Undergrad: 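Take a look at this one; I'll ask things after.
Residue numbering restarts at 1 for every chain, and letters A, B, ... go by the order of the sequence lines. Here the structure is a predicted model, which is why all the values come from computation and not from measurement.
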There are 2 protein chains.
Amino acid sequence: MSTIKDIAKRANVSVATVSYVLNNTRFVSPEKKKRVEEAIKELNYVPNAVARGLRVKNSKVISLVVSDITNPFYPDIAKACEQVAYQSGYTLNIVNTNDQDDRFIKAVMQLREGKVDGIINTTVLDHHRSLMENLIKDKYPIVLAHRLLDGINMDTVVADNIQAAIDATNHLINLGHKKIAFMTGVTKSSINNLRIKGFLKAMKDANLPTKEDWLASGQAKYQQSYDLTKELLKNSNNRPTAIINISDLGALGVLDAAGDLGIMVPEELAVVGFDDLFISSMRSVQLTTIRIPRYEIGQKSMELLIDKITNNDTNNHHNILLPAELIVRKTCGSRIID
Amino acid sequence: MSTIKDIAKRANVSVATVSYVLNNTRFVSPEKKKRVEEAIKELNYVPNAVARGLRVKNSKVISLVVSDITNPFYPDIAKACEQVAYQSGYTLNIVNTNDQDDRFIKAVMQLREGKVDGIINTTVLDHHRSLMENLIKDKYPIVLAHRLLDGINMDTVVADNIQAAIDATNHLINLGHKKIAFMTGVTKSSINNLRIKGFLKAMKDANLPTKEDWLASGQAKYQQSYDLTKELLKNSNNRPTAIINISDLGALGVLDAAGDLGIMVPEELAVVGFDDLFISSMRSVQLTTIRIPRYEIGQKSMELLIDKITNNDTNNHHNILLPAELIVRKTCGSRIID
DNA sequence: TTGAAAGCGCTAACAA
DNA sequence: TTGTTAGCGCTTTCAA
């Protein structure tokens, strides 16, 4: 591995000159420049980014922290982030915490360690509050994507989850449903709670009762929602006629459980999800859902973050709210059910 | 941001001592140790990993390079990689090249830049050969996962794709199919070509003809395969009775196209995919496919890589071949078709 | 137009 | 048991 010194020696110039041609940061005479470039080629030289980073105090890398890369929700955000990061000369590192706290902490600590210039965080839970608060206090560039942490003044970009849940619920209510179950996700997630709030509000506004065991957690996962659905529907006397699941992945579990139980969707059971994953649009699924604008969330988050970094503007915070849209497909039908 | 100097000053010890307690690399008297630890806490000190990296010449990070994180195939590999990396004290950075060459080059260059200690590469194409060759020649730790680059002696871990394609084809042949189409992926991918090879071999061994336009590229994507299927099936006189798609994502496109065309699966058309994605196992899909052991690929790749790094063993190369398994579900039926 | 050299924050060899 | 200091590879100030 050759260093800038080797290049300088071979090109018969100073290391400073090499640095100048490398970074195009000062005029260098054509002859010297040419010698340097040749030496670089001959030695297959690539500047050490670590040394450079130490000196200039930035890395030109941004981390996107996700809790589960296996959930198709996140890759879409990641893709968008990478796109805009690249355009601005940044590299995106996706880090998967696998829902584990120590991983999460390690990931955000990259900021203090000097390894990354900023972080887009899609995975804060409530008990990370003070950790995040300290980072913000110390002016590290962070934006929360699809997450909220109330009480902390920081940058966020989220969809309008309350309204989304209201829309989903009203859709069902307008179809005549009165017995609606709501399958939630991880209780400590802000987004989760906002959706519950929206659901409860819509129900209340329509003077509809909400049963306690019809508001339970499928953890936004397929299998858990599948199991929970079987539980929920086993008593044929008092069944919900509709289930809203907090995620499409979970809604898929609902659909499959209903299928295995011989319950027809949408005739006997309406189901709606959240997210609008690719799978949900497939011919054999056709799930009615709320589209969370993932690509836009990723994009806006990255734009916001890079803006903060570039302008060194860590004092003003922006809170961007994106609309979510109800996508009506086939899992709710259009019939009025008693 | 405080540095090791600040800690030394505040704890009234030398920077060396601070470093020793930080890294637990030499005995330090309890009193001093305590003072150092207090200072660290008080100043909220976190060592600068960049400076450390420059000094010790490693980063304890490994990159996983993928072409499209949005393809559910890769997140599974990523998850496995992260798991084993973490256990060995490494951090995993997933980098998404979005199928673009400049991104790919940037990603592997991290090795020369000193930003990462090793790379697991799931996205080499044929024209990256010399780039990879140089890296290998210079002893950088790299393993190819789910990719091959023949002619270069390097570490690889892949499933047995030829056999997998043979198994898939024979399954169809045994069911009585004679008119089998094979929908391929990106032509320059080694895995793709191995699968074609397996298909061709099985057909030849069974004395079955292969039509040229029945061997076309759906690019391993949903939409492309959907479109291609419509094309393929529009002439009802001379249709294949079975389609093998090089990926489950593509096979889903085949399934949906058939559905939209009113062609019944499996009665009128059998379809088999490759990968065994989660979606494929869903109740409404039930795709017959070849399971590529993604988790195991990720795991073995990372173990191999870390082993190389740890033992500085960049001379010996291992080529791991994992079995792939035919998963029979419902898209081929069990009837013999003419 | 160019070069010498300081210094980024850390580790570790050497000295005490 | 602890401290001093060189040096990792680079950028950039200052001087020429």
Undergrad: Is A:V13 touching bases, backbone alone, or none of the nucleic acid, heavy atoms closer than 4.0 Å?
TA: sugar-phosphate

Undergrad: For A:S59 and A:D117, which I'm curious about, is there any donor-acceptor pair between the side chains at under 3.5 Å?
TA: yes

Undergrad: Enumerate all atom pairs, one protein N or O and one N or O from nucleotides 4-7 of chain C, separated by less than 3.5 Å.
TA:
from, atom 1, to, atom 2, distance (Å)
C:dG7, N2, A:R55, NH1, 3.1

Undergrad: Can A:Y86 and B:D102 be counted as having a side-chain donor-acceptor contact under 3.5 angstrom?
TA: yes

Undergrad: Between C:dT2, D:dT11, D:dT2, which nucleotide has the shortest distance from any of its atoms to the side chain of A:V28?
TA: C:dT2

Undergrad: Can you pull out the residues from residues 31-39 of chain A that lie within a 4.0 Å heavy-atom distance of DNA chain C?
TA: A:K32

Undergrad: Any side-chain N or O of A:K57 below 4.0 angstrom from OP1/OP2 of D:dT11?
TA: no

Undergrad: Does the pair B:R147/B:D126 count as a salt bridge with the N-to-O cut at 4.0 Å?
TA: no

Undergrad: Report yes if at least one side-chain N or O of A:K5 is closer than 4.0 Å to OP1 or OP2 of D:dC10; otherwise report no.
TA: no

Undergrad: Give me the ring orientation class for A:H146 and A:F73: parallel if the planes are under 30° apart, tilted from 30 to 60°, perpendicular past 60°.
TA: tilted

Undergrad: Regarding A:K137 and A:E133, does a basic nitrogen lie under 4.0 Å from an acidic carboxylate oxygen?
TA: no

Undergrad: Judged by each residue's nearest nucleotide on DNA chain D, which is more toward the 5′ side, B:S29 or A:M1?
TA: B:S29

Undergrad: Please determine if a side-chain N or O atom of B:S19 lies less than 4.0 Å away from the OP1 or OP2 oxygen of C:dC10.
TA: no

Undergrad: Distance check needed: D:dC10 P versus A:K60 NZ, whole Å only.
TA: 19 Å

Undergrad: Does atom NZ (B:K106) have a neighbourhood of more than 12 heavy atoms from anything else shown, all under 6.0 Å?
TA: yes

Undergrad: Expressed as a whole number of angstroms, how long is the span from B:L43:CG to C:dG9:C1'?
TA: 15 Å

Undergrad: If the cut-off is 4.0 Å, is B:T3 near the phosphate of C:dG9, judged by side-chain N/O to OP1 or OP2?
TA: no

Undergrad: Please give, in whole Å, the distance from C:dG3 P to A:K9 NZ?
TA: 15 Å

Undergrad: Looking only at the side chains, is there a donor atom on one of B:H127 and B:D101 sitting less than 3.5 Å from an acceptor on the other?
TA: yes

Undergrad: Any salt bridge between A:K34 and A:E38, counting N to O under 4.0 Å?
TA: yes

Undergrad: Starting at atom CG of B:L54, determine the distance to atom P of C:dC8, rounded to an integer number of angstrom.
TA: 13 Å

Undergrad: Using OP1 and OP2 only, check whether a side-chain N or O of B:N23 sits under 4.0 Å from C:dT11.
TA: yes

Undergrad: Would you mind reading off the distance between A:N12 atom CG and C:dG3 atom C1', rounded to a whole angstrom?
TA: 13 Å

Undergrad: Check each of B:N121, B:D99, B:N96, B:L125 against B:S67 using the side chain to side chain contact (heavy atoms under 4.5 Å, CB included) test, and report the only one that passes.
TA: B:D99

Undergrad: Round to the nearest Å and state the distance from A:D6 atom CG to D:dC8 atom P.
TA: 11 Å

Undergrad: Rounded to the nearest Å, what distance is computed from the CG atom of residue A:N48 to the C1' atom of nucleotide D:dG7?
TA: 14 Å

Undergrad: Are B:D155 and B:H317 close enough that a side-chain donor and a side-chain acceptor fall under 3.5 Å?
TA: yes

Undergrad: Classify the side-chain pair B:K308/B:N316 by whether it contains a donor and acceptor separated by less than 3.5 Å.
TA: no

Undergrad: Between atom CZ in A:R112 and atom P in C:dC10, what is the gap in whole Å?
TA: 14 Å

Undergrad: For the side chain to side chain contact (heavy atoms under 4.5 Å, CB included) test, which of B:I142, B:V65, B:L149 pairs with B:V124?
TA: B:L149

Undergrad: Measure the angle between the two terminal helix axes of the helix from C:dT1-D:dA16 to C:dA16-D:dT1, five base pairs each, and quote it to 10°.
TA: 40°

Undergrad: Are B:R52 and C:dG9 close enough that a side-chain N or O sits under 4.0 Å from OP1 or OP2?
TA: no

